[in-house]
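Before any comments, here is the structure.
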Amino acid sequence: MISADMKSEEGDLDEDTINNFTCELGVLSQCDGSATLCNVEVRQQRELVDRSSIEVTFRGPHGVEGVEDRRVEQLVRSTLEQCVFAALHPRTAVSVVLNVLETDDLLLLSTCVNAAVLALLDSSLSMKYLPAAVTCVPVGDRVLVNPLPSERQGSSGGSVTAVYDTGSERLVACRTAGQLSAEQLTSCLREARRAAALVRQLYRRAVAAKFSKEPRDPWAGPSRAEDMPPSWRRLGGQQTGEQSTS
Amino acid sequence: MAADMRAIQPESLYKLHLECEERPDGRKLDAARATVVTRGGITTADGSAFCRSGHTSVLCGIKAEVCTPATDAPPDRGWVVPNLELPALCHHRFRPGPPSEAAQTASAQLLQLLDASGALDRTQLCIEAGQAVWVLYCDLICLSHDCNVLDVALLALSAALTDLRLPSAEWDATEERLRVKPAERTPLKLGPLPLAATLAVFDKETLVLDPAGDEEMLCEASVTVAWAGDSMVLLDKTGGCELSLEAMDRCIALSKKRSLELKKLLDCCTQSGEVEKDE
């Protein structure tokens with residue numbers, strides 16, 4: 001959790017305290033990166049003659065598909081359409097599939113955007129800039145960035161999910177939920193701009209970690225218990241390949 | 001010549017208009033289209049309203065049905081199901097078939113706006129906790145699409161909610177059945193209703209209120225801001241070009257002004273019960 005005083009210019013943002021931001025690239029072994037770039041025909045109605053068509057499919061964590069899923073897809077797709085050099089790949093499709101492993105309704109949107117951007121980064125698709133999304137919640141006089149549910153006690157229910165171009169620090173996309181005053185919105189947007197710079201550093205770390213790993217057998221599965229996604233650990237996921245004592 | 005240029009280079013033609021600070025339909029950049037709201041047009045519905053802004057028109061009808069609350073839902077709340085339809089007749093780009101993404105996202109946005117504004121307390125829709133609650137099916141149909149459907153649909157929905165009259169219903173505990181009296185009707189107690197204004201962004205800095213015609217297609221980004229009373233209940237800028245925070249502040253100010261105009265229109269409509277026109 002990061003908190004900052006709404007009134008002051010200085011804050012105590014630190015990349016280690018952006019909440020629970022973990023990411024791993026190349027988790028899916030059957031795809032180019034963790035986005036699906038398949039060598040299949042683009043469907044006729046989706047084919048664009050002068051650019052690549054970007055499709056985003058979002059599957060919520062439970063229940064049947066609903067109209068809310070379309071809203072998530074719309075935000076992610078419109079963000080990616082702006083940042084990808086679609087004109088370099090005419091008559092192709094970029095299909096981004098987002099599956100939710102663990103859910104927190106408030107942080108879902110920003111996590112989806114960041115996951116999609118990381119997947120495109122991993123797939124080496126050319127991008128004009130790197131967008132980064134954060135969720136800000138005003139609590140009293142402070143603005144919390146990506147707060148956990150326990151940290152959000154006392155908020156009036158309003159939140160802002162903002163996507164910033166981390167290079168030029170301009171707002172690319174924004175969506176609010178709940179009630180906010182104009183001043184709360186402005187403070188949240190300012191705080192989000194600062195936090196987005198830290199998300200960019202986390203992207204850099206994730207990419208560096210990917211290239212510093214020893215090449216490993218993609219069929220081996222995660223070699224350490226700590227590398228397993230939390231949902232696997234809960235299911236008592238099997239470890240193959242190198243065993244570790246845990 | 002303008003017609004030729006519009007077919008070949010619509011962006012350049014539009015930029016020439018913007019340089020003169022006027023739009024193709026003669027409006028100033030911060031002027032909205034004339035809006036008309038009519039309530040009670042559908043006599044078979046429990047509440048209805050028709051709203052037209054320029055050439056965009058949306059009809060809303062609300063039907064109330066009785067339902068048993070789900071076991072995993074609160075037993076003393078009814079629910080509201082808004083559904084916006086963008087049929088093939090409203091614009092040539094819509095084809096018959098399943099709801100398009102635009103219709104689905106708009107329906108989700110309408111529900112989110114109703115929830116965030118707190119306009120309708122769902123406990124009012126409870127007849128007997130755990131046994132019978134009202135479900136309001138709000139069907140919105142866009143009859144003509146000339147940009148900015150969400151604002152017009154939201155206004156139609158808000159007006160229809162003020163027009164809604166629920167029949168009196170009582171749960172008979174001894175016979176375990178509902179007794180409904182369709183002739184006795186009461187309105188809902190509503191909080192501040194959400195009202196939205198959309199702005200289109202050109203050249204990253206120029207803001208144009210209430211886009212119409214080609215503006216939605218040509219704009220680089222669009223920002224929708226919805227207000228309920230003094231609170232902002234939605235700010236949606238989905239993708240498009242980047243926007244500075246100063247431009248965002250101007251969006252907020254312009255949309256607040258527009259929502260006050262719409263509120264005045266809605267209040268007049270509710271009081272007089274007649275067609276209200278806002279020039």
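In what follows, chains are A, B, ... by sequence order, proteins preceding strands, each numbered from 1. It should be emphasised that the depicted structure is a prediction, and the values quoted were computed from it without experimental measurement.
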Do B:K237 and A:R175 pass the side chain to side chain contact (heavy atoms under 4.5 Å, CB included) test, and can you show the C-alpha distance, the side-chain angles, and the key distance before you say yes or no? CA-CA 6 Å; B:K237 178 199 176 300; A:R175 184 173 286 171; over 6 Å; no
Minimum heavy-atom separation for [X] to [Y], with atom names?
X	Y	value
B:M232	A:A182	CE-CA, 4.0 Å
B:L235	A:T176	N-OG1, 2.7 Å
A:V67	B:Q104	CB-O, 3.5 Å

Using a strict 4.0 Å threshold on nitrogen-to-oxygen distance, state whether A:R71 and B:E101 make a salt bridge. no
Between A:K128 and B:E242 (salt bridge meaning N to carboxylate O under 4.0 Å), is one present in this structure? no
Enter the distance from [X]:[atom1] to [Y]:[atom2] here, rounded to the nearest 0.5 Å.
X	Y	atom1	atom2	answer
A:L185	B:M248	CG	CE	7.0 Å
B:S231	A:Q184	OG	CD	8.5 Å
A:T161	B:D236	OG1	CG	10.5 Å
A:L171	B:L243	CG	CG	6.5 Å

Under 4.5 Å heavy-atom distance to chain B, tell me which part of [X] shows up: side chain, backbone, both or neither.
X	result
A:E68	both
A:L80	neither
A:A177	both

Does A:Q179 reach the main-chain N or O of B:A116 with its side chain, forming a donor-acceptor pair under 3.5 Å? yes
Begin with the C-alpha distance, continue with both residues' side-chain angles, and end with the deciding distance and a verdict on side chain to side chain contact (heavy atoms under 4.5 Å, CB included) for A:T186 and B:D249. CA-CA 8 Å; A:T186 318; B:D249 287 336; 3.8 Å; yes
Taking [atom1] in [X] as the centre, count heavy atoms belonging to other residues, nucleotides or ligands within less than 6.0 Å. Is the count above 12?
X	atom1	value
B:D230	CG	no
B:K263	NZ	no
A:D105	CG	no
B:R93	CZ	yes

Engaged part of B:I252 at the chain A interface, taking heavy atoms whose separation is under 4.5 Å: side chain
For each of B:A108, B:A247, B:G118, tally heavy-atom pairs with chain A at distances under 4.5 Å, and name the one with the top tally. B:A108
In terms of heavy-atom pairs under 4.5 Å with chain B, which of A:G178, A:S181, A:C83, A:G66 leads? A:G178
Just jot down the side-chain hydrogen bond (donor to acceptor under 3.5 Å, both in side chains) partners of A:D165, sequence neighbours excluded, or say none. A:S168
Apply salt bridge (Lys or Arg N to Asp or Glu O under 4.0 Å) to A:R170 and B:E246, showing your working. CA-CA 11 Å; A:R170 287 169 85 93; B:E246 292 69 34; over 6 Å; no
